[in-house]
There are 2 protein chains.
Amino acid sequence: MSSAQVSPSVAGSESVTRILDEAVELINAHGLAGFSMRALAKALGQQPGALYWHIRDKQTLLAAVAQRLLASIPHDPEESLLDVVTAFRVQLRELTDGAEIVLSSIAMGFNLDQLHARFVAAAERDGRELNEARTLATTLVHHCLGHVMHEQQCAQTRRLGLHQGAGDSASVAITADDETFQQSVRLICGT
Amino acid sequence: MSSAQVSPSVAGSESVTRILDEAVELINAHGLAGFSMRALAKALGQQPGALYWHIRDKQTLLAAVAQRLLASIPHDPEESLLDVVTAFRVQLRELTDGAEIVLSSIAMGFNLDQLHARFVAAAERDGRELNEARTLATTLVHHCLGHVMHEQQCAQTRRLGLHQGAGDSASVAITADDETFQQSVRLICGT
DNA sequence: ACCTGAACACCGTTCAAGT
DNA sequence: ACCTGAACACCGTTCAAGT
């Protein structure tokens, strides 16, 4: 049995850990667009091909990064719905292009069920009925992903320089900042 | 003045139109991941370099595709908030990976202000106060993008074959389908 | 078990030179 | 004005061969 997989549960083969650590560092430094397998190999002092003994491919690597991101959301057994959605957003923002990485990992079979379950549990603790809790959970997850994705893409726009909009760029009607996020969450949760 | 730009307003140089048409066709056929400048050139019967006389680069091309997508949301002056969010989702789904293309175009300076304004206007017609209308608009845009992105990534997972989840794949707790979407919209709008 | 070296089949983009 | 041909500097991935 070759270990050429980043298996969801047993990903701790310690060479894989080193690879993931370095991948996170590079993504944080140069963004997802500036991240390549070849650059990762170079940073690890190896040949590009060497990576493929440890991991299946780039997409699987990114799915593992996404998984690690979600797994490190702090877990409070008494957390409210507001707590968990806030923690989710915080964690997405810890990693450059975190929302894009999580979303695109879905195409790798990565799913958000665990996260969804945490939202549902928190909603039920807040006194919601099960069906309502489920809708609430799904809505908040989708909203948070859309919001942070927007925010992070705007950040990249700024990093690359010019906005191609009109000269005075003060006219941005739709924004994705802290205050907007909180207003949306209050709206969804019904104050 | 070289025309090497897909300028937002005057993009109608008819060669550019042909390029965009073909790009949309290829994206619909093979997804964003399977779309390349070289494949686009081949489909047009040209050399890859020829494209760069008409358009600045790939990202600008995709931003133009996103713009065309948003511009072709049917416009009803009496539309309700529900109408506009539904039309937005329909249009995102017209194009394979449409949500991803729109979201990533934001990094090119592409912004969603026009769309946001339509949401706000519809909300006001529905009797909302301005601040409420703004929050509602932002929330719905972010939610819809997150939702459709999730949905389209899942579709790609299915196209590529296996889910790497457990054997029986019936256990998907979080989904992005029509019914879920409508429930979320009702929740956000307050029934 | 783990890595190198070298290759394969691609990319996006530029730019002289042609017409 | 518009396109070709050819190059540049990259990609992800595979795989024999080494240790």
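Reminder, nothing fancy here: chain letters follow the sequence lines and each chain counts from 1. Heavy-atom basis, side chains included; hydrogens, waters and symmetry copies ignored.
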TODO: Between D/dA9 and C/dC10, how far apart are the P atoms? Round to whole Å, please.
DONE: 22 Å

Closest non-hydrogen atom pair, [X] against [Y]:
| X | Y | value |
| --- | --- | --- |
| B/Ser184 | A/Thr135 | N-CG2, 4.1 Å |
| A/Leu70 | A/Phe88 | CD2-CE1, 3.8 Å |
| B/Asp76 | B/Glu78 | OD1-N, 2.8 Å |

Task: B/Glu129 atom CD: more than 12 heavy-atom contacts under 6.0 Å - done: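 Yes, CD of B/Glu129 has more than 12 neighbouring heavy atoms, counting only those of other groups under 6.0 Å.
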
- [ ] Please confirm whether the backbone N or O of B/Thr175 pairs with a side-chain atom of A/Thr138, one donor and one acceptor, at under 3.5 Å?
- [x]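 The answer is no, because no donor-acceptor pair under 3.5 Å joins these two groups.
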
Task: A/Gln46 vs C/dC3: side-chain N/O to OP1/OP2 distance below 4.0 Å - done: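 Answer is yes, contact under 4.0 Å.
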
TODO: Please state whether the phosphate of C/dA1, meaning OP1 or OP2, lies under 4.0 angstrom from any side-chain nitrogen or oxygen of A/His54.
DONE: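 For C/dA1, OP1/OP2 do not have a side-chain N/O of A/His54 under 4.0 Å.
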
Task: Base versus backbone protein contacts along nucleotides 7-19 of chain D [heavy-atom cut-off under 4.0 Å; B, S, -] - done: B---BBBBB----

Open item on the list: Show me the pairs that pass salt bridge (charged side-chain N to carboxylate O under 4.0 Å, His left out) and involve residues 81-97 of chain B, at least two apart or across chains.
Closed with: B/Arg89-B/Glu151, B/Arg89-B/Asp178, B/Arg93-B/Glu151, B/Arg93-B/Asp178

Task: Involving DNA chain D, stems made of at least three consecutive Watson-Crick or G-U pairs, both distances under 3.5 Å - done: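 For DNA chain D the paired stretches long enough to count as stems (3 pairs minimum) are C:4-8 with D:12-16, C:12-16 with D:4-8.
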
TODO: Would you give the length of the straight line joining atom CG of B/Leu61 to atom CE of B/Met37, rounded to the nearest 0.5 angstrom?
DONE: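 Result: 4.5 Å between the selected atoms.
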
TODO: Give the rounded distance in Å between these two atoms: NZ of A/Lys42 and P of C/dC3.
DONE: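 Rounded to whole Å, this separation is 18 Å.
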
- [ ] Answer yes if the side chains of B/His143 and A/Thr139 hold a donor-acceptor pair under 3.5 Å, and no otherwise.
- [x]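 Side chains of B/His143 and A/Thr139: no pair found under 3.5 Å.
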
